[in-house]
Amino acid sequence: MTYLDHAATTPVLPEVLAAMTEQLGRVGNASSLHASGRAARRTAEQARERLAAALGARPSEVLFTGGGTESDNLAVKGIFWARREADPQRRRIVTSPVEHHAVLDSVEWLAKHDGAEVTWLAVEPSGRVTPGALREALGDGTDVALASVMWANNEIGTVSDLAALAAVAHEAGVPLHTDAVQAVGQVPVDFGASGVDALTMTGHKLGGPMGAGALLLRRDASCMPLLHGGGQERDVRSGTLDVAAIVGLAVAADVAVAGREDRAERLAGLRDRLVAGVVRQVPDVQLNGAPLDDVLAGGPGRLPGNAHLSFPGAEGDALLMLLDAREVECSTGSACSAGVARPSHVLLGVGADADRARSSLRFTLGTTSTDADVDALLDVIAPVVERARRAGMSRS
Amino acid sequence: MRVLAAMSGGVDSAVAAALAVDAGHDVTGVHLALSPDRQTLRSGARGCCSVEDAHDARRVADELGIPFYVWDLAERFTADVVDDFVAEYAAGRTPNPCLRCNEKIKFSAVLDRARALGFDAVVTGHHARLADGVLRRSVDAAKDQSYVLAVLTPEQLAGAVFPLGGMTKERVRAIAAERGFAVATKADSHDICFIPDGDTRGFLTRRLGEQPGPLVDAATGETVGEHSGAYGFTVGQRRGLGVSVGDQRPRYVLGIEPVSRTVTIGTADLAGVSEVRTGAPTWTGAAPRLPLRAQVQLRAHGAPVPCAVDATGDGGLAIALDTEQRGVAPGQSAVLYLPDAERGDRVLGQGPVTR
Ligand SMILES: Cc1ncc(COP(=O)(O)O)c(C=O)c1O
């Protein structure tokens, strides 16, 4: 099996598995006052400190959640509600059309049910949001509840300069949320230095468990809760802490961030070889997103393990199925719940036409990726593309 | 063989896929997403295209350990089946959308794509026997679906596998239950999957708008009532005419004239026909030599009628019925069978009824 879908999820790191297994064997609710409770609390708080240190945050800025989707929902809705309550004029949300659905659908839900107005940011053809575009969309900022711009795109891997964007948002007095699910462990992410007000991260994209994530939220950012109850996380998020998952999350983030530079270099090398190999065999293949060697504020402008390619005349669905049958696993982008592939909103959002969007595949490399994985893809890609082209584009 | 199992989410296609796996084929499951608006079908939909159906199909595929994908054929289905259905009614005819779907979607769009992708055949849960290229009725007469497959050509049948034709529906459900498929007790799908509430007239009214016209009694030529759309009628229909004519004898729809929107009705003695004409026929095998004696079935669940078949001058068929039939509706297929009690009646082919 050749797993080239690390942006979907990653294999759990052995260190994470060991730490979680150990914790799962212990009793204790972190909110209890007796010795077992205190032990659980101590473990959870150590994890909070470890996660905070890995991401340049203070421990009190870490809110544990049930993953990236929850963190995005909490940030978008909670900050919107809090800011509008403080000043009813603030009803506008500024965001980009290439966000993950956890952000997009939260924004659209607020627009449909709660009086929000949306200003869609212009994105560059690479998928990047520039400070200029944000400045223009914010205006004087008085009617804006929040802005949300992802750190790195989950489909095409384009990175934006969040520090520069945060500076622009703050000039206009607007808090900025960023979905950094794909960025953490891939590019340098320092919450404090970036200046962003809220940051989403999740465990299962960096070798941690599924269903465990965090929202990093500055102390001075106000955010209303989605989940009411025991008030465990700064009264912004309730629910008994899942200590084992939190431990796994912290270990994963720590290991991923510590090894980031070496891994990034290795993965970029593999990725470049993958793209060059595909181009050699399928000369008219098109690369989506930023150039492979793009740089931004001293870091990579494109996620090192991301290759997103369109194969003109072939359908992504057909390519995926044919590769799957040859034990190469990749993705066509975000599938909707019914499994019906719609042309990716990200590609359409950066100005690609529907055919280019539908003919695309995403290959994403991670910790376990090797030269052999790249070779396995290069061994089969030419006949697969040829076959898919014979089947044609069913709807063009 | 490498086969593609079309999995609707119902019990038949689930068992068909399982039997294909048992037979040693390399099976890939595909659910066809046919409704352009999947949200609207989420609530209460029964048929072949709701989100729940896709889930049910995926569950079975996962249990079988076969790859599973959803193919979005909504645009093709809308154009070739739904729009065709509406246009046929608008033209005063009575279409069969399942037959059209087999002809244009399952054994055309899907089969072509499957072949291009390296598959040898498409497996479906249709109740019909197919061996050595010969299509026959199912052993389960009540569930037989050979009528809606009669439009397939030899080339299409060469790429079809129907594992269920040799067993009853009861047996299919028993196999599903033995294997623990959650769909074992799922209700059968209704007639028209894209009209989940079963209200065909309401569906057509939404698509075509109200188109009032006269109801004319054939015997007197008099207008005896008004209707709100000729598309709400089918030749042979007796119920729901909304008129009562002086002598109180039951009336049947005899004909529909779409331009003047005239629906002609008449008594039973006028409703029978002894000869049916069709447009150009299609054959499931080599074209038979005409004239010939056969049986003809004139609608999906109709009884077969002995007949003599001959060619007409314009490329169609003239089918002389041994006994008069009521309710021969233009747009339906006249499906020809050669009776064979032992191996199952053999499907020769079909022609679209013109009158
Ligand atoms: C950019 C981005 N945001 C949010 C999510 C959702 O995270 P989770 O799967 O933890 O809910 C994902 C992963 O699918 C993602 O890639």
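FYI, side chains are in, hydrogens and waters are out, and symmetry mates aren't considered; it's all heavy atoms of this structure.
- Sorted by first then second residue, the salt bridge (charged side-chain N to carboxylate O under 4.0 Å, His left out) pairs that include residues 375-385 of chain A, not counting sequence neighbours, are A:Arg273-A:Asp375.
- When all heavy atoms of A:Ala391 and B:Ala116 are compared, the pair lying nearest together is CA-CB, 3.4 Å.
- Rounded to the nearest 0.5 angstrom, A:Asp324 CG and B:Tyr69 OH are separated by 3.0 Å.
- The shortest side-chain heavy-atom distance between A:Glu315 and B:Leu117 does not fall under the 4.5 Å cut-off.
- Heavy-atom contacts from other residues, nucleotides or ligands closer than 6.0 Å to NZ of A:Lys77 number more than 12.
- Heavy atoms of other residues, nucleotides or ligands lying less than 6.0 angstrom from CZ of B:Arg2 number more than 12.
- For A:Ala8, the side chain to side chain contact (heavy atoms under 4.5 Å, CB included) partners at least two apart in sequence or on another chain are A:Tyr3, A:Asp5, A:Arg362.
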Could you go step by step and tell me if A:Asp317 and B:Arg113 meet the side chain to side chain contact (heavy atoms under 4.5 Å, CB included) rule? CA-CA 12 Å; A:Asp317 278 355; B:Arg113 189 170 153 87; 4.1 Å; yes
